[in-house]
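Take a look at the structure below.
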Amino acid sequence: MRRQDIRNLAIVAHVDHGKTTLVDALLRQSGVFRANEQVVDRVMDSNALERERGITIMAKNTSITWGDIRINIVDTPGHSDFGGEVERTLSMVDGVLLLVDACEGPLPQTRFVLKKALEAKLPAVVCINKIDRHDARPAEVLDEVYDLFIDLGADENQIDFPVLYTNGRAGTAAASLNETGRDLRPLFETIIGQLPGPDVDPGASVQFQVNNLDYDDYVGRLAIGRIVAGALKVGENYSVCRPDGTRAAGKITRLYGWQGLKRVERDEARAGDIVMVAGSDEIEIGDTIADLEAPRSLPGIRVDEPTVAMTFSVNNAPWAGREGEFVTSRKLGERILYESRRNVSVRVEQISAEAWRVMGRGELALAVILETMRRERYELQVSKPTVLTREENGAVLEPMEFIVCDIPEEHIGTVTQLLSARKGRMRSMETHASGRVRLEYDAPSRGLIGFRGRFLAETRGLGVMHTIFNGYAPWAGSIRSRQNGAMISDREGVATGYAIFHLQERGRFFIPAGDPVYEGMIVGEYSRETNLPVNVCREKKLTNIRAAGHDEAIRLTPPRVMTLDTALEWIDEEELVELTPGSVRLRNKILKTALRGKHRAAWSDAVESGAAGA
């Protein structure tokens with residue numbers, strides 16, 4: 001039996017194809033906001049990090065009413081590193097709204113989320129978005145979408161999908177290119193007419209699976225999910241079934257639904273509703289809330305394995321504890337374990353009393369965790385990202401990435417050379433009429449660590465690159481990561497303009513004059529392959545004898561200020577990033593200059609592999 005008064009759908013697309021902007025328009029036109037209410041753009045991106053980066057990181061729920069039908073919408077992340085959010089979301093909904101940019105067409109994350117939706121047998125409504133772009137090519141993009149459905153093995157019902165042409169920013173939709181859209185009414189009518197309501201069994205005992213977690217200071221942990229069967233009531237006792245087979249009794253103290261962006265308290269919810277429940281602080285993602293007398297557990301949520309790992313450790317630099325509030329191993333360990341419980345795509349291993357190996361989907365996913373911890377006033381240090389390999393039939397396999405590069409024609413040679421050095425293999429090259437070229441490559445994940453910054457520099461910021469995990473392949477051999485060495489401070493003090501001026505011809509500095517430094521701290525990139533200890537605290541010697549000539553004017557090259565993302569891309573195996581609430585510093589693992597050789601570990605490995613090859 002299907003409920004006809006409700007629709008549950010997820011909006012899925014590649015990053016920056018306009019999901020959150022379209023949700024804004026849906027909320028406005030469904031009457032969620034008052035006529036005089038001030039509403040910010042991308043209202044669903046409530047997290048400060050999401051607003052700064054312009055991407056959705058956490059899946060979020062909203063509910064709108066169109067006529068007599070309630071539409072529950074889940075806005076999902078578009079970046080492949082947060083794919084775990086998308087996989088969990090698809091188990092809550094009965095259909096997907098697939099957005100595709102009218103110029104860029106289907107990109108790697110479009111393929112990823114569509115594959116998951118087709119595997120779950122979910123019907124799709126396709127929106128060709130941003131049709132107002134001057135370089136839009138909606139007819140060609142629609143052909144590419146059909147090709148993608150066929151390539152992913154869609155059945156006859158799935159491939160017969162409705163198509164709408166939308167402009168999320170203007171809030172318009174049309175059924176064909178010949179029509180001029182006035183509002184989103186065609187989209188609302190298509191959602192209601194083409195996507196089914198939830199399939200429910202009202203007579204069965206209750207089953208509710210936890211797909212996401214939230215926290216409230218007043219009621220504690222909140223579990224978000226969909227009621228698969230039966231009904232939930234406030235104040236009743238239920239059984240919490242865990243994936244490992246254990247059970248625990250629990251009581252529902254609060255039950256919430258959504259009306260627009262607001263949480264609405266409810267006394268009861270039926271099968272098919274997406275709700276949020278409170279009552280158990282021990283509940284985890286994948287658990288099932290079932291009937292107390294005859295509990296029936298649902299299958300656990302399966303999420304793809306992580307591919308990248310970093311080591312998070314207690315900050316043991318000379319200035320540890322000066323800026324952060326939480327600096328001890330106990331506090332750091334509690335926060336890392338909390339993240340692993342909240343985020344199912346993250347795995348954690350404790351490798352020593354003060355170090356944890358944190359594994360995730362990609363660099364960006366782990367960088368978001370680190371930035372969040374910084375803002376919560378934690379202090380820690382992290383190692384270079386490394387890939388997770390596996391062994392099959394005696395052979396070492398490493399994770400691979402599918403890369404799509406959209407670049408101007410004049411940069412083809414540079415980009416192909418960069419990717420070839422990282423063991424990339426070209427799949428295809430397509431030239432568009434706009435003078436841009438789309439390159440598709442397969443490359444090892446470890447070859448792309450630190451590649452994005454170099455790619456942007458070589459294409460003068462005009463290149464666009466998208467990647468997605470593409471299975472495992474045999475180990476491709478050694479890959480040189482960074483060619484240049486580091487300039488490392490040999491003493492503690494304050495950097496002076498006089499010292500930097502006389503050293504800047506040796507390389508590019510990361511710090512300005514006046515910044516404090518300590519022994520072992522990396523202050524710049526050396527122009528050669530070895531490391532160089534430098535004294536950036538040297539001051540000009542003053543005497544009481546008048547100089548015959550005039551002083552040399554000090555002209556300093558502006559430093560390259562390191563952010564968290566650029567620092568993680570830049571460091572090598574023997575270096576660490578020190579993170580505090582106020583600073584991002586780079587340092588060598590060995591602080592004392594006398595104990596540290598000038599040759600880098602990566603440089604030594606390259607020399608040895610070259611000698612072995614000869």
Side-chain angles (χ1 to χ4, degrees), residues 15 49 52-53 55 57 79-82 306-315 317 324 332 335-336 339 343 345-348 355-376 378-388 399 401 403 418 422 443-457 465-467 469 479-486 488 508 510-511 520-525 559-589 600-602:
V15 64
L49 262 177
E52 287 173 22
R53 292 175 178 263
I55 59 173
I57 294 171
H79 199 285
S80 58
D81 284 14
F82 309 107
T307 58
V308 174
M310 287 187 203
T311 301
F312 291 21
S313 55
V314 174
N315 187 11
L332 193 59
R335 178 63 180 82
I336 291 170
E339 187 66 37
N343 189 343
S345 59
V346 169
R347 306 273 191 278
V348 174
W356 294 261
R357 193 176 186 221
V358 181
M359 294 159 276
R361 281 287 187 87
E363 289 173 84
L364 182 60
L366 296 178
V368 165
I369 295 171
L370 289 168
E371 185 62 41
T372 306
M373 291 175 68
R374 273 186 73 200
R375 295 179 185 210
E376 293 171 358
Y378 282 85
E379 206 172 282
L380 70 158
Q381 58 191 21
V382 294
S383 68
K384 177 188 176 180
T386 56
V387 298
L388 299 170
E401 301 275 338
I403 311 161
L418 286 174
R422 288 165 170 77
S445 298
R446 61 194 168 96
L448 299 182
I449 294 173
F451 174 69
R452 193 176 294 273
R454 184 81 188 276
F455 170 80
L456 289 171
M465 184 180 82
H466 303 287
T467 63
F469 173 67
I479 298 174
R480 293 280 303 274
S481 56
R482 195 183 79 220
Q483 294 183 353
N484 295 19
I488 306 171
R508 182 79 183 272
F510 300 152
I511 60 165
M521 177 176 160
I522 296 170
V523 295
E525 185 177 54
R560 177 187 170 191
V561 178
M562 283 289 187
T563 62
L564 171 58
D565 294 324
T566 53
L568 290 174
E569 286 183 357
W570 190 86
I571 59 171
D572 232 327
E573 286 86 354
E574 60 193 8
E575 295 151 358
L576 300 170
V577 178
E578 179 192 351
L579 294 173
T580 69
S583 309
V584 176
R585 302 188 190 97
L586 282 71
R587 52 159 288 192
N588 199 284
K589 286 182 179 177
R600 295 159 50 219

Nearest-0.5 Å distance, [atom1] of residue [X] to [atom2] of residue [Y]:
{"X": "Asn588", "Y": "Ile488", "atom1": "CG", "atom2": "CD1", "answer": "4.5 Å"}
{"X": "Met373", "Y": "Leu579", "atom1": "CE", "atom2": "CG", "answer": "9.0 Å"}
{"X": "Met359", "Y": "Thr307", "atom1": "CE", "atom2": "OG1", "answer": "11.5 Å"}
{"X": "Glu339", "Y": "Arg347", "atom1": "CD", "atom2": "CZ", "answer": "13.0 Å"}
{"X": "Arg335", "Y": "Thr372", "atom1": "CZ", "atom2": "OG1", "answer": "6.5 Å"}
{"X": "Leu418", "Y": "Phe451", "atom1": "CG", "atom2": "CZ", "answer": "5.5 Å"}

Do Leu568 and Leu370 pass the side-chain contact (heavy atoms from CB on, under 4.5 Å) test, and can you show the C-alpha distance, the side-chain angles, and the key distance before you say yes or no?
-> CA-CA 11 Å; Leu568 290 174; Leu370 289 168; 4.1 Å; yes
Where do [X] and [Y] come nearest, in terms of heavy atoms and distance?
{"X": "Ile571", "Y": "Leu586", "result": "CG2-CD2, 3.9 Å"}
{"X": "Val584", "Y": "Met562", "result": "CB-O, 4.1 Å"}
{"X": "Val308", "Y": "Pro385", "result": "CG1-CB, 3.9 Å"}
{"X": "Glu379", "Y": "Gly324", "result": "OE1-N, 2.7 Å"}
{"X": "Gly360", "Y": "Pro306", "result": "O-CB, 3.3 Å"}
{"X": "Ile479", "Y": "Arg422", "result": "CD1-O, 3.8 Å"}

Do [X] side-chain atoms and [Y] backbone N/O form a donor-acceptor pair below 3.5 Å?
{"X": "Arg508", "Y": "Phe510", "value": "no"}
{"X": "Ser583", "Y": "Thr580", "value": "no"}
{"X": "Arg357", "Y": "Thr311", "value": "no"}

Would you call Lys384 and Glu573 a salt bridge, taking side-chain N to carboxylate O under 4.0 Å as the test?
-> yes
Less than 4.5 Å apart, any side-chain heavy atom of Glu569 and any of Arg454?
-> no
Under a 4.5 Å cut-off applied to non-hydrogen side-chain atoms, are Val387 and Pro444 in contact?
-> no
State, without any angle test, whether Glu401 and Ser445 hold a side-chain donor-acceptor pair at a distance under 3.5 Å.
-> yes
Looking at Val577, Asp565, Ile522, which one forms a side-chain contact (heavy atoms from CB on, under 4.5 Å) with Trp570?
-> Ile522
Take Val346 and Val358 through the side-chain contact (heavy atoms from CB on, under 4.5 Å) test and state the conclusion after the steps.
-> CA-CA 7 Å; Val346 169; Val358 181; 3.9 Å; yes
